[in-house]
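Only one structure is covered here, and it is reproduced in the block below.
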Amino acid sequence: MARLVGEQGESSASQSCVSCGTTACLGKGGAHPPFCPSVGIDEQLRQEVLAVYAEPENQKIMQVAAEVECDHYCEFTRLQETIEFAHLMGFKRIGIATCAALIKESRTLRRLLERAGFEVFGVSCKVGEQDKLDFGLPPEHAWTGPTLCNPVLQARLLAEANTELNVVMGLCVGHDILFNKYSEAPVTTLVVKDRVTGHNPCIALELADGLYKGRLEAQVAAWDEAI
């Protein structure tokens, strides 16, 4: 963990916020564990981060995000929050980077965004119709379809369309990483693809000690053996 100062002036990479059960940082007045990042943040790092938030675009994003959360807490769906955020930011043109398997849902999103007053430009992951074999993938990877997903081209085409905010709709793990990396406009995710759970990956975490326990433990054990 970069530039975290511990009690002895040493950094800790083995424990972090996801090791903590106190959540004292929420202002509940609880005790901070010794490894708490809030306790040991280097003051120079703190000031560097504050300077980043002071940049006009970042400051506006933070202010609008807080307004959407506070004004509609546990009232708006993620879809409604996205529309409200875009309006308050003053965006006019929104891009949709969609998985081809979610094109129906993306068409619904387009209609709602247009009714809300936005211009919308969407690009499917299969744009360009690049053959998987041309990319060097083995033939056995073509059983899900011969056309390669193309997140970089999605990002480039949305940039050419001058979108001000790009919304991710179910891009595959890895493809979403590349899209976010090469998108010129800010990116938010509306749908995370998870075919097994109906695109609700949090269910696997909530049921990690229940319904999904066996399959998760089997996979983790296989990874341990491989290491």
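These numbers come from the heavy atoms of this one structure, side chains and all, not from hydrogens, waters or symmetry mates.
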Look at the side chain of Glu119 and the backbone N and O of Lys92, then say whether any donor-acceptor pair between them is shorter than 3.5 Å. no
Using modelled atom types only, decide if a donor and an acceptor are shared between the side chain of Lys193 and the backbone of Val173 within a distance under 3.5 Å. no
Does a sphere of radius 6.0 Å around OH in Tyr182 hold more than 12 heavy atoms from other residues, nucleotides or ligands, not counting ones at 6.0 Å or beyond? no
With a 4.5 Å limit on heavy-atom distance, are the side chains of Cys20 and Cys36 in contact? no
Looking at Glu184, I want to see if its CD is surrounded by more than 12 non-hydrogen atoms of other residues, nucleotides or ligands under 6.0 Å. no
How about Arg93: does its CZ atom have over 12 heavy atoms from other parts shown lying under 6.0 Å from it? yes
Of Leu102, Asp176, Thr98, Thr189, the one forming a side chain to side chain contact (heavy atoms under 4.5 Å, CB included) with Leu171 is Asp176
Which pair of heavy atoms, one from Ile83 and one from Ala116, lies closest together, and at what distance? CG2-CB, 4.0 Å
Carefully, step by step, assess Leu109 and Val120 under the rule side chain to side chain contact (heavy atoms under 4.5 Å, CB included). CA-CA 9 Å; Leu109 175 61; Val120 182; over 6 Å; no
So do the side chains of Val168 and Asn180 get within less than 4.5 Å of each other, counting heavy atoms only? yes
CG (Asn166) and CG (Leu158) are apart, to the nearest 0.5 Å, by 4.5 Å
Is the shortest side-chain heavy-atom distance between Leu88 and Glu67 below 4.5 Å? yes
If you look at every heavy atom in Leu165 and Ala86, which pair is closest and at what distance? CD2-CB, 4.1 Å
At what distance, to the nearest 0.5 angstrom, does CZ of Phe121 lie from CG of Leu157? 6.0 Å
Which distance, rounded to the nearest 0.5 Å, do you find between the CZ of Phe85 and the CZ of Arg78? 10.0 Å
If you compare all heavy atoms of Pro201 against all heavy atoms of Val192, which two are closest, and at what distance to 0.1 Å? CG-CG1, 3.9 Å
Is Glu57 atom CD crowded by more than 12 heavy atoms from other residues, nucleotides or ligands, each under 6.0 Å away? no
Rounded to the nearest 0.5 angstrom, the CD1-CD distance for Ile61 and Gln59 is 11.0 Å
With clusters defined by side-chain heavy atoms of hydrophobic residues (ILVMFWY) lying less than 4.5 Å apart, directly or transitively, does Ile96 cluster with Phe118? yes
In Å, rounded to the nearest 0.5 Å, how long is the span from NZ of Lys126 to CD of Gln154? 10.0 Å
Mind checking whether Met89 and Pro186 have side chains closer than 4.5 Å, heavy atoms only? no
Looking only at heavy atoms, what is the nearest atom pair of Ser124 and Ala100, with distance? OG-CB, 3.6 Å
Closest heavy-atom pair, Leu190 versus Val167, reported as atoms and distance to 0.1 Å, is CB-CG1, 3.6 Å
Dump the intermediate steps for side chain to side chain contact (heavy atoms under 4.5 Å, CB included) on Arg107 and Lys104, then the final yes or no. CA-CA 5 Å; Arg107 285 198 297 264; Lys104 178 183 177 181; 4.2 Å; yes
Applying side chain to side chain contact (heavy atoms under 4.5 Å, CB included), run through Glu105 and Thr108 and close with a yes or a no. CA-CA 5 Å; Glu105 292 81 358; Thr108 300; 5.6 Å; no
Is there a path of hydrophobic side-chain contacts, each under 4.5 Å between heavy atoms of I, L, V, M, F, W or Y residues, that connects Val196 with Ile203? yes
What closest approach, in Å, do His199 and Val191 show between heavy atoms, and which atom pair accounts for it? CB-CG1, 4.1 Å
Between CE on residue Met62 and CD on residue Glu55, distance to nearest 0.5 Å: 12.5 Å
Do Glu43 and Arg46 meet the salt-bridge criterion of a basic N to acidic O distance under 4.0 Å? yes
Would Thr77 and Gln80 count as having a side-chain donor-acceptor pair, cut-off 3.5 Å? yes
